[in-house]
Amino acid sequence: MQRKPLIAGNWKMHLTIQEAVALAKKVAASSQGLEDREVMIAPAATALAAVAEAVRTSPVVIAGQNVAWKEQGAYTGEISPLMLKDAGAKMAIIGHSERRHIFGEDNGMINQRLIGALTHGIIPILCIGETLDEREEGLTWEVLREQVRGGLEGVSGEQAADVVLAYEPVWAIGTGKTASREQAQEAHQFIRGLIEELYQKKLAEQMRILYGGSVKPDNVDDLMRMPDVDGALVGGAALEADSFDRIIHFS
Ligand code: 13P
């Protein structure tokens, strides 16, 4: 089963519009002609439209860093799936650990966001991952099970075919402490098993599972060599054109 690798940059709360456009143009140049892998970037909301315009003639896909479940209305601070599409985004990161742990988003809310995205043809990247305490207490599998089941509650097999998952152990995000390739593989294999339980083997084999958490030029090749690692969700190293270029060109 061939799953096309996806290298995704999450720019988080960084870059002015001007800086974002300049970096996006470099990413577009890096991605020109690549057919065996996909490249995505998720700029801050303020830069979405300008970045989408800057990469319009390249294969780079644009994503929102989150998405609301309603089309419009009194939801101060939120961005609707229609607004994301209007700005040029085709994907949305949902349930990032920073949304879960800093802003208190739970599996129920994340599930609503995911369904909102799917309803409007936005491809969701559903992020899951355990904290260090949870790992040390032996709760990793239970947490992942809850996050996968909760996030995909009420999602049909047909809809789930569009979903991308991202395993981001919280202890590896922004810490410089990457999961070993064996730890990543073990978690990805477990997650694929959960998808098979919830849906079918075929869908589980088709679903892309990205790894995120201190992915850098010097560890990406090792991680991407693992059979169930189908891409990377990159934070810090995506903010610098040269390091992201190296990650895009993993071997
Ligand atoms: P870092 O690559 O900076 O660890 O961030 C990972 C991440 O949270 C991507 O969504």
Side-chain angles (χ1 to χ4, degrees), residues 6-25 27-28 31 38-128 150-156 158-166 168 208 210 212 231 233-235 238-239:
L6 171 63
I7 301 295
N10 174 9
W11 291 357
K12 306 192 180 183
M13 199 170 72
H14 291 286
L15 309 178
T16 62
I17 296 172
Q18 203 181 358
E19 289 164 347
V21 166
L23 179 57
K25 284 182 178 163
V27 175
S31 310
E38 282 174 22
V39 177
M40 183 218 91
I41 47 179
T46 47
L48 262 179
V51 165
E53 177 58 28
V55 304
R56 199 167 44 83
T57 58
S58 82
V60 177
V61 173
I62 300 301
Q65 295 181 8
N66 204 355
V67 63
W69 55 90
K70 295 278 190 182
E71 292 179 2
Q72 59 176 30
Y75 300 94
T76 302
E78 291 287 327
I79 299 172
S80 88
L82 298 182
M83 290 168 168
L84 274 191
K85 284 211 288 198
D86 183 44
K90 295 199 162 54
M91 302 180 93
I93 297 171
I94 295 175
H96 190 277
S97 84
E98 286 142 24
R99 299 303 318 170
R100 292 177 188 266
H101 298 290
I102 304 174
F103 300 101
E105 294 194 14
D106 61 15
N107 287 325
M109 183 184 288
I110 288 161
N111 176 242
Q112 290 194 68
R113 294 188 186 281
L114 184 130
I115 290 172
L118 288 171
T119 304
H120 293 285
I122 300 249
I123 297 170
I125 301 186
L126 173 62
C127 301
I128 54 176
L152 294 174
E153 172 106 42
V155 175
S156 70
E158 202 182 320
Q159 287 178 307
D162 290 330
V163 174
V164 177
L165 294 176
E168 298 204 302
R208 288 183 291 186
L210 317 183
L233 184 52
V234 187
L239 288 169

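Fair warning: this is a prediction, and the values are worked out from it, not measured in the lab.
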Problem set entry | Pairwise distance NE2(H14) to CG(L23) - rounded to 0.5 angstrom | 11.5 Å

Seminar exercise, completed: Hits for side-chain contact (heavy atoms from CB on, under 4.5 Å) against Q159, two or more places apart or cross-chain, chain-then-number order -> L118, V155, S156

For this session: Indicate yes or no: at least one non-hydrogen side-chain atom of V164 is less than 4.5 angstrom from one of P124.
Result: no

Exercise. Given the rule in the side-chain contact (heavy atoms from CB on, under 4.5 Å) test, do L239 and L15 qualify, once you have shown the distances and angles that lead to the verdict?
Worked result: CA-CA 9 Å; L239 288 169; L15 309 178; 4.0 Å; yes

Seminar exercise, completed: Applying side-chain contact (heavy atoms from CB on, under 4.5 Å) to H120 and not counting sequence neighbours gives E71, P81, L82, K85

Exercise. CZ/F103 to CD/E98 distance, rounded to the nearest 0.5 angstrom?
Worked result: 8.5 Å

Exercise. Is there a donor-acceptor pair under 3.5 Å between the side chain of R113 and the backbone N or O of W69?
Worked result: no

For this session: Check A89 against G64 and note the closest heavy-atom contact, atom names and distance.
Result: CB-N, 4.0 Å

For this session: Tell me, please, which residues at least two apart from M83 pass side-chain contact (heavy atoms from CB on, under 4.5 Å).
Result: I79, S80

Exercise. What do the steps show when you test I125 against L165 for side-chain contact (heavy atoms from CB on, under 4.5 Å), and what is the final call?
Worked result: CA-CA 5 Å; I125 301 186; L165 294 176; over 6 Å; no

Seminar exercise, completed: A52 and A87 have their tightest heavy-atom pair at CB-O, 3.3 Å

For this session: Would you please name every residue forming a side-chain hydrogen bond (donor to acceptor under 3.5 Å, both in side chains) with N107, sequence neighbours left out?
Result: R100

Exercise. Can you list the residues that meet the salt bridge (Lys or Arg N to Asp or Glu O under 4.0 Å) rule with E19, with sequence neighbours excluded?
Worked result: none

Exercise. Are E168 and H96 linked by a side-chain donor-acceptor pair shorter than 3.5 Å?
Worked result: yes

Exercise. Counting only N and O atoms by type, is there a donor-acceptor contact under 3.5 Å from the side chain of N111 to the main-chain atoms of E153?
Worked result: yes

Problem set entry | Straight-line distance of L152 CG to I110 CD1, nearest 0.5 Å | 11.5 Å

Problem set entry | E105 side-chain N/O to R99 backbone N/O, donor-acceptor pair under 3.5 Å | no

Problem set entry | Partner residues of E53 under the side-chain hydrogen bond (donor to acceptor under 3.5 Å, both in side chains) criterion, sequence neighbours left out | R56

For this session: Please name the pair of heavy atoms, one in A63 and one in P43, separated by the smallest distance, quoted to 0.1 Å.
Result: O-CD, 3.5 Å

Exercise. Do P59 and S31 come within less than 4.5 Å of each other through their side chains, counting heavy atoms only?
Worked result: yes

For this session: Determine, stepwise, if the pair V27 / V55 fulfils side-chain contact (heavy atoms from CB on, under 4.5 Å).
Result: CA-CA 8 Å; V27 175; V55 304; 5.9 Å; no

For this session: Name all residues meeting the side-chain contact (heavy atoms from CB on, under 4.5 Å) criterion together with E38; count only those two or more places apart in sequence or in a different chain, and write none if there are none.
Result: K4, L6, R208

Exercise. Are V67 and I122 close enough that some pair of their side-chain heavy atoms sits under 4.5 Å apart?
Worked result: no

For this session: Would you mind reporting whether L48 and L84 have side-chain heavy atoms less than 4.5 Å apart?
Result: yes

For this session: Using the side-chain contact (heavy atoms from CB on, under 4.5 Å) rule, take N10 and I93 through it: C-alpha gap first, then chi angles, then the decisive distance, then the call.
Result: CA-CA 8 Å; N10 174 9; I93 297 171; 3.8 Å; yes

Problem set entry | Within 6.0 angstrom of K12 NZ, more than 12 heavy atoms from elsewhere | yes

